[in-house]
**Student:** 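Have a look at this one.
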Amino acid sequence: MAGKGLGLVVLLLLAARGAGEPRGCEAVRKVFQLRQLGPLRGVPDSPRAGVDLQVCTSKNPTCCNKKMEERYQTAAKQDIQQVLQTSSATLKFLISRNAAAFQETFETLIRLAENYTSTLFCNAYRNMAAEAATRIQEFFTDVGLFIFGTDINTEEFVNRFFDNLFPVVYNHIISPGQTDVSLEYAECLRMARRDIRPFGNIPKKVIGQMGRSLLPSRTFLQALNLGIEVINTTDHLHFSKDCSRALLRMQYCPHCQGLTLSKPCMGYCLNVIRGCLAYMAEVDLHWQAYTQSLEELSSAMRGTYDIEHVLLNFHSVVNDALIQARVHGPELSEQVNKVCGPPVRKPAQSPSCSFDQNKDNEGLKMFSRDSEETLANRRKEFISHLRLYRAFYGGLADQLCGNELAAADGLLCWNGEDVVRSYTLRVVGSGIKAQFGNPEVKVKGTDPVINQIIDKLKHIIQLLQSKSFPKYYNWDLRQTGSGGSVDEEISGDCDDEDGCGGSGIGEVKRVMKITDWVPDKMNLSDVKQIHQTNDGSTLDTTGVGSTTMADYMTFMLMSLVTLFLSLW
């Protein structure tokens with residue numbers, strides 16, 4: 001506090017002398033050396049005529065020369081660049097940290113969902129687990145590629161998964177034999193799957209679920225990455241020649257007159273900084289729309305079509321598909337014979353389950369059963385912090401002058417020519433249009449770099465506000481209708497063709513989340529109790545991989561019970 005008081009006294013003494021001839025250049029030399037602006041030999045020992053100066057001109061002798069003026073101008077631009085980066089550092093860290101966290105969460109979520117599905121086959125359908133493993137891996141690879149920006153179609157990779165799964169299901173469930181079907185016959189089955197529809201409406205439902213859950217998450221992640229790009233762009237703004245001269249005049253020209261402790265008047269600072277940041281202020285309107293759109297999308301990404309729910313319940317949907325294929329096995333076999341002929345077989349390969357249930361187990365433990373943190377909670381917390389920066393670009397000049405650059409109210413200040421009590425010229429507003437008549441900085445045209453980043457913001461805003469995103473708050477429960485054993489969505493968009501016209505009380509399934517079930521070691525007991533009925537009881541739908549007739553009959557009985565409940 002003593003140091004600040006002393007500095008204030010010195011400033012007042014200097015200000016009392018006005019902008020007349022400096023008594024000596026020692027203070028200027030010290031600041032010049034402290035700031036490491038250049039060699040001291042270039043700084044005059046005493047005031048001299050400044051005939052070679054272009055910006056810091058004065059009728060009185062000065063402590064500056066042309067070389068110093070050039071170095072001051074470079075320093076002035078570096079100073080404002082550093083102040084800009086400091087002011088946006090917290091915002092940039094907020095977005096970049098969350099972008100990395102969401103990406104890591106999505107990666108872990110995909111791996112966890114893949115493990116659930118592989119565990120289902122290893123424990124309940126072990127005889128075809130090895131053949132299904134490649135299909136499962138390809139499917140979740142496609143899920144990851146889509147979320148992280150690859151230009152692939154969700155409908156295509158969902159259909160591809162069920163196309164490739166059908167030959168395996170046919171060979172082991174619909175028409176099991178001692179040998180495998182030939183490659184040519186398997187290809188015929190793949191081609192015929194969409195016409196034969198062995199899995200009923202389930203693939204169609206999965207396409208809808210994946211599209212509606214993956215696309216918002218993909219867009220959300222893209223928007224965060226663009227937010228980082230916007231900040232990086234505005235942190236390294238190109239300053240015009242007129243702006244550079246104005247910054248020099250505001251920050252370092254008083255040094256030439258020995259006023260090394262002076263600060264610009266508030267109005268003067270606002271004119272200079274608003275002029276220099278006029279292009280950046282044009283980002284404000286679009287940045288506000290960007291943050292608002294992010295918030296709206298985040299609020300919509302919940303319910304049944306939340307990516308967390310859809311991926312972690314995928315193994316249950318696959319199980320439903322396999323049950324449906326088994327129940328309708330005889331009819332499906334007849335249809336296959338009509339399309340592909342009787343099965344052509346080759347020597348069978350010894351089935352084995354290559355999935356390591358302990359693989360990535362430590363990584364999956366990060367989603368603790370006791371933790372209340374979910375993707376929805378993470379998004380909510382992020383948005384609550386981002387909301388504080390909605391008007392960041394609109395109020396940036398005021399923030400810089402108020403917190404960093406300008407003199408406090410009531411103190412003597414620099415007006416560009418002298419130390420005065422107040423700035424008397426007109427103070428302009430923010431933005432390009434408001435700069436007409438700015439007495440300190442001339443603003444011409446537009447900045448192509450800023451225009452480009454604005455165009456990118458407009459594009460991502462359109463994606464965030466896309467009407468293709470569903471209204472998730474109407475999709476909190478799924479109900480099984482009379483059209484099949486697959487879960488049907490409750491919404492106004494469902495029609496009779498989708499099988500949503502069933503009557504009676506269907507089976508309502510719980511929404512699984514990462515925090516619901518993360519066993520230390522995944523085993524049969526973890527994946528067997530998939531169906532939870534109205535009264536809280538569970539239906540055991542496993543046992544397909546058993547070798548005993550009793551287990552097989554138990555499974556068939558439970559499958560029939562499940563089908564009966566779905567029809568009821």
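The figures here come from the full heavy-atom set of this structure, side chains too, leaving out hydrogens, waters and symmetry mates.
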**Student:** Which heavy atom in V230 sits nearest to a heavy atom in I453, and how many Å separate them?
**Tutor:**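 Looking at all heavy atoms of both residues, the shortest contact is CG2-CG1, 3.6 Å.
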**Student:** Go through C25 and D45 one step at a time and tell me if the side chain to side chain contact (heavy atoms under 4.5 Å, CB included) criterion holds.
**Tutor:** CA-CA 6 Å; C25 297; D45 293 322; over 6 Å; no
**Student:** Say whether, by atom type as modelled, one donor and one acceptor occur between the side chain of E282 and the main chain of I432 under 3.5 angstrom.
**Tutor:** yes
**Student:** F382 and I95: which non-hydrogen atoms are nearest, and at how many Å?
**Tutor:**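 F382 and I95 have their closest heavy atoms at CE1-CA, 4.2 Å.
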**Student:** Donor-acceptor pair, distance only, cut-off 3.5 Å: does the side chain of N438 make one with the backbone of N271?
**Tutor:**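 Looks like yes, one N/O pair under 3.5 Å.
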**Student:** Check for a donor-acceptor pair, side chain of T62 on one end and backbone N or O of C64 on the other, with a separation under 3.5 Å.
**Tutor:** yes
**Student:** Are the side chain of R379 and the backbone N or O of M301 linked by a donor-acceptor pair below 3.5 Å?
**Tutor:** yes
**Student:** Considering non-hydrogen atoms only, spot the tightest contact between K92 and N232 and give its length.
**Tutor:**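 Here K92 and N232 meet closest at NZ-OD1, 2.6 Å.
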**Student:** Would you say the SG of C256 sits under 2.5 Å from the SG of C63?
**Tutor:**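 Cysteines C256 and C63 do not qualify as a disulfide pair, their SG atoms being 2.5 Å or more apart.
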**Student:** Checking E69 side chain against C56 main chain: does a donor-acceptor pair fall under 3.5 Å?
**Tutor:** yes
**Student:** Can the ring centroids of Y393 and Y290 be said to lie less than 6.0 angstrom from one another?
**Tutor:**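 So the answer is no for these two rings.
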**Student:** Between the main-chain N or O of F146 and the side-chain N or O of R218, is there a donor-acceptor pair closer than 3.5 Å?
**Tutor:**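 The answer is yes, because a donor-acceptor pair under 3.5 Å joins these two groups.
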**Student:** Quick check: do F239 and I80 have side-chain heavy atoms less than 4.5 Å from each other?
**Tutor:** yes
**Student:** Any side-chain to backbone donor/acceptor pair from R378 onto F102? Under 3.5 Å, distance only.
**Tutor:** no
**Student:** Any sub-3.5 Å donor-acceptor pair from T57's side-chain atoms to Q54's backbone N or O?
**Tutor:** no
**Student:** Would a distance-only check, ignoring hydrogens and angles, find a side-chain to backbone donor-acceptor pair under 3.5 Å from W287 to G394?
**Tutor:**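 No.
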**Student:** Return yes if a side-chain donor-acceptor contact under 3.5 Å exists between N225 and E229, otherwise no.
**Tutor:** no
**Student:** Report the distance from atom CD of Q399 to atom CZ of F392, rounding to the nearest 0.5 Å.
**Tutor:**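 With rounding to 0.5 Å, CD (Q399) is 6.0 Å from CZ (F392).
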**Student:** Taking all non-hydrogen atoms of both residues, which atom of Y72 and which atom of Y252 are closest, and how far apart?
**Tutor:** CD2-CD2, 3.2 Å
**Student:** For the residue pair F314 and F140, does the interplanar ring angle fall in the parallel (under 30°), tilted (30 to 60°) or perpendicular (over 60°) class?
**Tutor:** perpendicular
**Student:** Taking the side chain from R29 and the backbone from V43, do they hold a donor-acceptor pair closer than 3.5 Å?
**Tutor:** yes
**Student:** Using every non-hydrogen atom in the two residues, find where R274 and S430 come nearest and quote the distance to one decimal.
**Tutor:** NE-OG, 3.6 Å
**Student:** Just to verify, which of I152, T154, L214, L109 counts as forming a side chain to side chain contact (heavy atoms under 4.5 Å, CB included) with V143?
**Tutor:**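 With V143 as partner, I152, T154, L214, L109 yield a single side chain to side chain contact (heavy atoms under 4.5 Å, CB included), made by L214.
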**Student:** To the nearest 0.5 angstrom, please state how far the NE2 atom of H255 sits from the CE atom of M68.
**Tutor:**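 Going from the NE2 atom of H255 to the CE atom of M68 covers 9.5 Å.
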**Student:** Test F139 against M210 for side chain to side chain contact (heavy atoms under 4.5 Å, CB included), laying out the working first.
**Tutor:** CA-CA 12 Å; F139 174 78; M210 289 294 167; 3.7 Å; yes
**Student:** Please check if any side-chain donor atom of Q292 sits under 3.5 Å from a side-chain acceptor atom of R390, or the reverse.
**Tutor:**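 Side chains of Q292 and R390: pair found under 3.5 Å.
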**Student:** Would a 4.5 Å heavy-atom cut-off, applied to side chains only, mark Q85 and Q82 as touching?
**Tutor:**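 Contact flag for Q85/Q82 side chains = no.
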**Student:** Roughly how far, to the nearest 0.5 Å, is the CG atom of L405 from the CG atom of L270?
**Tutor:**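 CG of L405 is found 10.0 Å from CG of L270.
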**Student:** For I273 versus C401, what's the shortest heavy-atom pair and its separation?
**Tutor:**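 It is CG1-SG, 3.7 Å.
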**Student:** Evaluate disulfide (SG to SG under 2.5 Å) for C276 paired with C243, printing each intermediate quantity in order.
**Tutor:** CA-CA 5 Å; C276 288; C243 165; 2.0 Å; yes
**Student:** Report yes if the side chains of L386 and N98 come closer than 4.5 Å at any heavy-atom pair, otherwise no.
**Tutor:** no
**Student:** I'd like to know if D242 and K444 make a salt bridge, using a cut-off of under 4.0 Å between side-chain N and carboxylate O.
**Tutor:**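 Looking at K444 together with D242, the answer is no, because their closest N to O distance does not fall below 4.0 Å.
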